[in-house]
Amino acid sequence: MRFISNGCSRRQFLKTTGAAGLGLLASSAAAGFLSAQETPLVPTRPFGKTGTNVAILSMGGMFDIPNNQLMLRQAVKWGVTYWDTANSYEGGNSELGIGKYFAKYPEDRKAIFLVTKSTAWTIKGMTEHLNLSLERMRTDQIDLFFVHAIRSISTMDKEMQRWGERAKAEGKIRFFGFSTHSNMEECLLGAAPLGWIDGIMMTYNYRLMHTDKMRRAVDACARAGIGLTAMKTQGGGQVLTSNPEELKLAGRFVQSGFTEGQARLKAVWENPQIASICSQMPSMALLSQNTAAAVNKTRLSSLDREALSRYAQASSAGYCAGCTRICESAITEPVPVGRVMRYLMYCRNYGNRDFARSRFQSLPAQTRAVMAQVDYSAAEQRCPQRMPIGRLMREAASELA
Ligand code: SF4
């Protein structure tokens, strides 16, 4: 039983998190809402057919973990026991920070569902990354290992399947799968019939989850017993950092007892096919706020859902939906438009400029050199979100260089 005490009522939730107003909510939650005695642990859900239950809130490890060990300690106390990192996060410091934690609290290792990822996409590179991850995190086994950021299911070929099976046989991983921010629906639909994908983490949020294609993709994976973790659930616009609609939306949810950020999490949790939400939580305030949303049982009202839907429509031109096959096939140079859009999001919406710039620097020099000169007009015409791709690529070339 993961509950220390009963869950909070909507009234309690509003009183403790909403009353201070949007700007103060995060800090009030951190200071007062989640006390040790009264806090129910974050609930769990089955992760596909793996036989393992995972916390519905996952700690995304894209922050300076070595110097923020208290975050991990508090996450365990609140039941945020699904930790997600990657070989590349913070130049390896994310995994090293988790290793530092396990060295100090080895008894916590068995409580954690530990996930890491590799972008190597080659057998040799993946093997090196896996061994390094085990070493850095001072553990014998990774619970779930992802081939990171695939753009097509063709990456998960027979060779990759054999690699995963060998890593499992050696006891180095328990489960195997992939993460994807691009062409998510196609990747999920392609994964469902394979029979050897245990888990997927994909971009999934209130903007995308109601499209026919995404519904079909998620249904197919759920039927196949693939565990699903949603990421990028805030659906943050890569272009707009604020607009009047956003402010209106924020006001609406504060009246309902949520922040708009908590409402966006709740919208995703309302689909039981999603086992967990991975959220970057680089501050105690955000961990507290997200945990508050996870333990609160109040469902969104139909008016809440309508408000989200209206906002999604009003701001769609600021959101890159990751359908990179559409825009990238319409330009003459191999510019990874979707990746660059994501790096802009890291910089503008997450405020993680250093990480965004380091990711941008990992693009080939030739790509960075030509990016601002490419003609994107055909891509812009095809883009279903009507993104001003040319302008954004030029801005990225100067802002992230
Ligand atoms: S820029 Fe447009 S077409 Fe390209 S991935 Fe984003 S939404 Fe899709």
Side-chain angles (χ1 to χ4, degrees), residues 119 148-155 178-191 200-218 230-241 243 245-246 264 268 308-309 311-350 356 359-360 362-364 367-368 370-400:
T119 42
H148 191 23
I150 71 164
R151 299 190 282 273
S152 159
I153 196 62
S154 61
T155 306
F178 62 84
S179 68
T180 175
H181 321 86
S182 303
N183 309 316
M184 296 80 68
E185 299 88 342
E186 288 81 358
C187 290
L188 266 66
L189 284 166
I200 298 173
M201 179 161 80
M202 75 287 181
T203 301
Y204 182 87
N205 54 51
Y206 69 98
R207 294 177 184 277
L208 304 171
M209 61 190 284
H210 301 300
T211 65
D212 285 348
K213 202 168 180 186
M214 184 60 92
R215 279 181 202 267
R216 271 192 291 117
V218 167
M231 64 171 160
K232 311 288 185 278
T233 50
Q234 294 300 303
Q238 283 84 343
V239 188
L240 306 173
T241 49
N243 69 15
E245 281 300 323
E246 186 141 17
R264 290 173 197 191
V268 171
L308 271 176
S309 165
Y311 171 68
Q313 281 169 11
S315 59
S316 68
Y319 180 70
C320 174
C323 39
T324 56
R325 74 197 180 287
I326 296 176
C327 54
E328 292 176 8
S329 62
I331 51 180
T332 50
E333 297 289 334
V335 177
V337 172
R339 281 171 71 186
V340 177
M341 293 284 187
R342 207 163 62 247
Y343 302 157
L344 273 179
M345 178 184 70
Y346 293 145
C347 182
R348 295 178 175 183
N349 295 86
Y350 292 11
R359 298 309 301 145
F360 185 77
S362 72
L363 297 176
T367 301
R368 284 180 278 132
V370 299
M371 186 181 297
Q373 278 86 51
V374 172
D375 178 4
Y376 296 96
S377 50
E380 287 177 353
Q381 278 169 17
R382 291 190 203 171
C383 173
Q385 303 292 109
R386 298 282 174 262
M387 299 286 283
I389 300 173
R391 173 166 70 76
L392 290 167
M393 292 302 106
R394 285 190 289 281
E395 288 174 4
S398 85
E399 202 169 317
L400 303 179

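In what follows, every heavy atom counts, from backbone to side chain, and hydrogens, waters and symmetry copies are set aside. Remember, it's 1-based here, ligands and their atoms both numbered in the order they're listed. Throughout, numbering of the chain's residues begins at 1 and tracks the sequence.
With contacts defined as side-chain heavy-atom distances shorter than 4.5 Å, the pair V340/L363 qualifies.
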Check: Are L208 and T203 close enough, and set up right, to give a side chain to side chain contact (heavy atoms under 4.5 Å, CB included), and what steps lead you there?
Finding: CA-CA 8 Å; L208 304 171; T203 301; 3.8 Å; yes
Next item on the list: Just do the side chain to side chain contact (heavy atoms under 4.5 Å, CB included) check on H181 and H148 with the steps written out, would you?
Entry: CA-CA 9 Å; H181 321 86; H148 191 23; 3.9 Å; yes
Note to self: Using the rule given for side chain to side chain contact (heavy atoms under 4.5 Å, CB included), can you reason through I153 versus F178, listing the C-alpha separation, both sets of side-chain angles and the distance that settles it, and then say yes or no?
What the structure shows: CA-CA 9 Å; I153 196 62; F178 62 84; 3.7 Å; yes
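The CD1 atom of I200 lies 10.5 Å from the CE atom of M231; values are rounded to the nearest 0.5 Å.
The heavy atom nearest to atom 7 (S) of ligand 1, considering only P388, A321, P384, is found in A321.
Taking 2.8 Å as the threshold, C320 counts as a candidate ligand of atom 6 (Fe) of ligand 1, since one of its N, O or S atoms lies below it.
Here the heavy atom of the protein found nearest to atom 4 (Fe) of ligand 1 is C327 SG, 2.4 Å. Here the heavy atom of the protein found nearest to atom 5 (S) of ligand 1 is C323 N, 3.3 Å. Of all protein heavy atoms, the one closest to atom 2 (Fe) of ligand 1 is C383 SG, 2.4 Å.
Taking every heavy atom of I389 and a limit of under 4.0 angstrom, the matching atoms of ligand 1 come to 1 (S).
Side-chain polar atoms of N183 and T324 form a donor-acceptor pair below 3.5 angstrom.
Ligand 1 lies within reach of G322, whose nearest heavy atom is under 4.0 Å from it.
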